[in-house]
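Step one of this worksheet: look at the structure below.
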Amino acid sequence: MIDLLVRRGRVVTEAGVREQSLAIENGRVVALISDGEEPAARKVIDAAGKLVLPGLVDSHVHFREPGLTHKEDFQSGSLAAAAGGVTTVMVMPTDNPFTLTPEDFEAKIALARDRCHVDYALQAGLGPDRRHVRALADLGAISFELFLSDLPPALLTDSAAALVLGLEAVRDVGGIAGVTPGDDSLYRHAAEIARGEHGGAPQAFARARPPEAEALGVAQACIAASSTGARTHLRQISCAASLRVLQALRGTTVTAEVTPHNLTLDEADFLRLGVVAKVAPPLRPQSDVTALRAALAAGALDVVATDHAPHHPDEKAAGATDIWKAPGGFPGVQTFLPLMLRLVDEGIIEQAALVRTCCAHPARLFGLYPRKGALQVGSDADLVIVDPGRPFTIRNRDQLSKARNVPFDGLTASASPILACLRGTVIMRDGQPTAPPIGEFLRP
Ligand SMILES: [Zn+2]
């Protein structure tokens with residue numbers, strides 16, 4: 001007698017789709033049964049006619065705790081994840097304080113304990129002070145995050161030398177570096193011109209983030225990755241210029257991320273929606289969206305991750321008439337799977353590519369595969385069931401993030417996530433979280 005049998009679903013893996021039953025015991029997959037006898041189970045979920053995917057692995061979320069919990073916290077952010085069929089999150093270090101030292105890291109583990117509805121790993125920030133890399137790796141940091149722009153000095157990598165030294169430090173502990181590309185000098189220059197031309201209108205912000213600044217950061221990171229041999233993961237590729245640099249310069253140790261929003265919305269949507277759609281990098285012209293979609297389909301972009309970046313609605317509202325007064329970013333973890341299902345609807349990617357880029361590959365890159373991101377014998381029984389016959393509409397009123405508002409309100413997909421399991425426990429039904437916070441801390 002096993003704990004749980006998920007019967008006769010269309011199980012989606014990187015290799016394709018196959019009708020199978022999943023036998024689950026002690027939170028793990030113990031058998032995949034194509035034909036033949038199924039074991040007796042204490043609980044059965046009938047998945048006939050439904051898609052069964054590994055739970056999504058979101059390798060880029062900001063949950064704002066400690067210090068910024070009016071925007072989000074471990075509880076609200078992870079509830080939104082569970083509601084969306086995301087069963088593993090990797091949490092960025094840009095809170096208050098930043099997660100830079102072993103003390104910061106241990107304090108964050110303690111804050112998250114018993115409050116997360118999905119499994120979680122923590123990312124460490126790496127700025128000019130590189131003394132703590134070994135200790136942070138020993139504590140289980142899932143990645144080390146280097147920011148080439150947009151952050152205060154404690155977390156800024158502001159020279160080529162700092163980038164090379166940072167990558168060497170990460171390489172020496174066998175870790176992976178996340179690099180957010182950009183260039184503050186170009187942003188300042190472009191912002192000055194944009195303010196003069198467009199004042200506080202959304203156009204001003206769109207113009208203030210030239211693609212060249214991102215592409216320059218991509219080039220620096222690729223060259224530094226080649227010279228150091230460090231595993232380097234580029235965050236939030238948003239434009240064709242970056243893709244061209246990546247294609248020319250990426251060596252064997254560079255991988256790249258793209259967000260669902262940069263694959264879905266364009267600059268015209270930002271100009272129409274205004275502050276709710278303000279994000280950095282910004283929503284780009286349609287030609288960039290088309291290039292990103294082609295790169296994802298071709299495997300040139302490895303991972304999709306949301307950059308879930310919630311802000312309190314009042315903070316966003318402050319930019320209603322002056323775009324510069326609102327922070328960039330919006331929630332993404334709950335709308336991740338519906339937006340990816342839209343890309344499947346549109347024929348941009350196949351279901352197997354969704355599993356590769358949103359489950360398997362992020363788990364693999366950050367050292368969690370095949371425990372996470374897969375439905376193999378021995379994998380954690382993290383799964384999401386999708387009803388291909390039930391249309392889904394994204395609604396602001398359904399969002400569980402404290403930020404509430406997303407720029408996707410009203411967008412539809414042909415299929416609905418209807419149930420999610422974390423280690424064999426049902427944590428979501430019909431978009432509603434159903435379980436206490438059983439999420440556990442994950443080490444690479
Ligand atoms: Zn981010």
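Both counts, for ligands and for their atoms, begin at 1 and track the order of listing.
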Identify all side-chain donor-acceptor contacts of residues 429-444 below 3.5 Å with residues at least two apart in sequence or on another chain.
{"from": "Asp430", "atom 1": "OD1", "to": "Arg390", "atom 2": "NH1", "distance (Å)": "3.3"}
{"from": "Thr434", "atom 1": "OG1", "to": "Val426", "atom 2": "O", "distance (Å)": "2.9"}
{"from": "Thr434", "atom 1": "OG1", "to": "Ile427", "atom 2": "O", "distance (Å)": "3.4"}
{"from": "Thr434", "atom 1": "OG1", "to": "Met428", "atom 2": "N", "distance (Å)": "3.3"}
{"from": "Arg443", "atom 1": "NH1", "to": "Leu139", "atom 2": "O", "distance (Å)": "3.2"}
{"from": "Arg443", "atom 1": "NH2", "to": "Asp138", "atom 2": "O", "distance (Å)": "2.6"}

message: Short of 2.8 Å from the Zn ion (ligand 1), name each protein N/O/S atom, waters not counted.
response: His60 NE2, His62 NE2, Asp307 OD1
field: Neighbour count above 12 (heavy atom, 6.0 Å) for Gln286 CD
entry: yes
query: Is the backbone of Thr69 close enough, under 3.5 Å, to the side chain of Lys402 for a donor and an acceptor to pair up by distance?
result: yes
For residues 181-205, which side-chain donor-acceptor pairs fall under 3.5 Å, sequence neighbours excluded?
{"from": "Asp183", "atom 1": "OD1", "to": "Ser185", "atom 2": "N", "distance (Å)": "3.0"}
{"from": "Asp183", "atom 1": "OD1", "to": "Ser185", "atom 2": "OG", "distance (Å)": "2.5"}
{"from": "Asp183", "atom 1": "OD1", "to": "Leu186", "atom 2": "N", "distance (Å)": "2.9"}
{"from": "Asp184", "atom 1": "OD1", "to": "Asp150", "atom 2": "N", "distance (Å)": "2.9"}
{"from": "Asp184", "atom 1": "OD2", "to": "Asp150", "atom 2": "N", "distance (Å)": "3.4"}

query: Cut-off 3.5 Å, side chains only: do Ser238 and Glu214 have a donor facing an acceptor?
result: yes
- prompt: Does anything in residues 287-297 pair up under side chain to side chain donor-acceptor pair (under 3.5 Å), and if so which pairs, sequence neighbours excluded?
  reply: Arg293-Glu346
